[in-house]
Number of protein chains: 2
Amino acid sequence: MVKNNDYDKVVEIFKALSEPMRIKILDVVSCRELCACEILECLSISQSTLSHHMKVLISCDLVIGRKEATWMYYSINKETIANIHNILDIITSKKSNCVCNVQRKNCKK
Amino acid sequence: MVKNNDYDKVVEIFKALSEPMRIKILDVVSCRELCACEILECLSISQSTLSHHMKVLISCDLVIGRKEATWMYYSINKETIANIHNILDIITSKKSNCVCNVQRKNCKK
DNA sequence: CATAAATATTGACAGTCATCAATATAATAA
DNA sequence: TTATTATATTGATGACTGTCAATATTTATG
């Protein structure tokens with residue numbers, strides 16, 4: 001069974017990934033480090049919407065942001081991707097001390 | 001670059017995973033096949049809410065549902081979990097033919 | 001200082017969704 | 001048939017969120 005604070009972190013990441021435009025952004029940013037205006041040219045959204053999405057992706061550590069002069073450069077955070085793989089493995093594997101082993105009270109089965 | 005219909009499928013899965021209660025359900029169901037009333041005892045939600053979440057998890061193939069008499073048995077679908085790992089690898093890896101390589105028009109950088 | 005370029009923030013709005021109580025359906029047992 | 005158990009559906013509600021235009025901020029340049 002996963003700890004509650006681990007749930008919070010992974011849910012935040014999955015929430016970030018559950019938006020088509022953000023998946024697209026992650027896909028593009030995985031190629032190489034790009035500035036916001038370059039990403040914007042690949043997509044059909046307004047500048048403010050892109051800025052909002054980048055904030056979400058950064059806040060859950062999926063993307064790393066780096067400021068240089070007036071530009072913001074974005075790149076994928078491989079460490080967080082590895083964490084997703086790991087936590088997904090933990091969540092979807094068998095547990096010996098699972099809460100499902102508690103005594104069933106209301107279930108007449 | 002990932003195809004658009006692949007995006008749709010993976011976004012649907014991530015949307016299912018972006019809800020704390022559904023992650024918890026997936027965690028519990030990964031232990032062994034359980035009926036709805038057993039899952040219900042592990043959680044603090046109403047029966048109708050659980051039914052709704054199971055429908056979401058089944059519709060994106062994260063969970064397999066099996067009816068036996070009046071009971072519904074749920075188990076994790078390992079195949080979909082493997083697909084998540086694969087598509088995540090594709091999304092977060094370098095691409096030679098990325099859309100980010102197109103000529104930049106408006107960016108003055 | 002004034003202008004321009006890149007990005008961030010704000011406020012509004014429409015759409016989505018998690019939740020529940022109430023009810024319906026399905027299957028079994030008396 | 002009637003009652004009971006397990007699960008699904010419906011309808012309502014409050015909360016959240018993606019989107020945009022407008023505006024603000026930051027940085028460099030003339």
Side-chain angles (χ1 to χ4, degrees), chain A residues 4 7-8 11-26 28-29 33-60 62-75 100 104-109, chain B residues 4 7-8 11-26 28-29 33-60 62-75 100 104-109:
Chain A
N4 271 345
Y7 274 140
D8 294 344
V11 164
E12 193 193 348
I13 293 171
F14 285 138
K15 204 166 281 184
L17 293 171
S18 70
E19 159 59 40
M21 194 53 73
R22 282 196 292 264
I23 292 278
K24 214 166 215 168
I25 292 170
L26 203 66
V28 172
V29 163
E33 191 185 58
L34 293 168
C35 75
C37 55
E38 287 176 307
I39 300 171
L40 197 54
E41 295 233 349
C42 299
L43 312 171
S44 306
I45 51 171
S46 72
Q47 179 267 322
S48 60
T49 300
L50 176 64
S51 182
H52 163 68
H53 284 316
M54 298 319 296
K55 200 174 174 182
V56 173
L57 289 170
I58 286 177
S59 79
C60 69
L62 274 168
V63 164
I64 297 167
R66 178 176 68 85
K67 186 159 195 171
E68 191 180 312
T70 47
W71 294 281
M72 274 297 297
Y73 286 93
Y74 300 104
S75 58
C100 72
R104 294 185 289 283
K105 297 177 288 294
N106 304 317
C107 182
K108 307 285 176 182
K109 190 167 61 70
Chain B
N4 271 346
Y7 275 141
D8 293 345
V11 164
E12 192 193 349
I13 293 172
F14 284 138
K15 205 166 281 184
L17 294 171
S18 71
E19 159 59 40
M21 195 54 72
R22 282 196 291 264
I23 291 278
K24 215 166 213 168
I25 292 170
L26 203 66
V28 171
V29 162
E33 190 185 59
L34 293 168
C35 75
C37 55
E38 286 176 306
I39 300 171
L40 197 53
E41 294 233 350
C42 300
L43 311 171
S44 308
I45 50 170
S46 71
Q47 179 267 321
S48 60
T49 300
L50 176 64
S51 182
H52 162 68
H53 284 315
M54 299 319 295
K55 200 174 174 182
V56 172
L57 288 170
I58 286 177
S59 79
C60 68
L62 273 168
V63 163
I64 297 167
R66 179 176 66 85
K67 186 160 196 170
E68 190 179 314
T70 48
W71 294 281
M72 272 298 297
Y73 287 93
Y74 300 103
S75 58
C100 73
R104 294 186 288 286
K105 296 178 289 292
N106 304 319
C107 182
K108 307 287 177 180
K109 190 166 60 68

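Order of the sequence lines sets the chain letters (A, B, ...), proteins ahead of strands, with each chain counted from 1.
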- Message: Can you pull out the residues from residues 12-23 of chain B that lie within a 4.0 Å heavy-atom distance of DNA chain D?
- Response: none

- Query: Between residues 44-51 of chain B and DNA chain D, which residues have a heavy-atom gap below 4.0 Å?
  - Reply: B/Gln47, B/Ser48, B/Ser51

- Apply side-chain contact (heavy atoms from CB on, under 4.5 Å) to B/Met54 and list each qualifying residue two or more places apart in sequence or on a separate chain. B/Ile25, B/Ile39, B/Leu50, B/Leu57, B/Val63, B/Tyr74

- Quick one: side-chain contact (heavy atoms from CB on, under 4.5 Å) partners of A/Ser51, sequence neighbours excluded? A/Gln47

- Task: Taking side-chain contact (heavy atoms from CB on, under 4.5 Å) as the test, write out the residues that go with A/Thr49, two or more places apart.
- Result: A/Ile45, A/Ser46, A/His53

Can you give me the N/O atom pairs linking the protein to nucleotides 28-30 of chain C at distances under 3.5 Å, or say none if there are none?
none

- State whether A/His53 places a side-chain N or O below 4.0 Å from either non-bridging phosphate oxygen (OP1 or OP2) of D/dT19. yes

- Task: Check the distance between C/dT7's P and A/Arg66's CZ and give it to me in whole angstrom.
- Result: 12 Å

- Heavy-atom nearest pair, A/Tyr73 first then A/Glu68, reads CE1-CB, 3.8 Å

- Message: Taking the side chain as everything from C-beta on, heavy atoms only, tell me whether B/Leu17 gets closer than 4.5 Å to B/Leu62.
- Response: yes

- Who pairs with B/Ser59 by side-chain contact (heavy atoms from CB on, under 4.5 Å), at least two apart in sequence or on another chain? B/Glu12

- Within the pair B/Lys55 and D/dT9, is there a side-chain N or O less than 4.0 Å away from OP1 or OP2? yes

- Whole angstrom value for the distance that separates C1' of C/dA6 from CG of A/Leu34: 15 Å

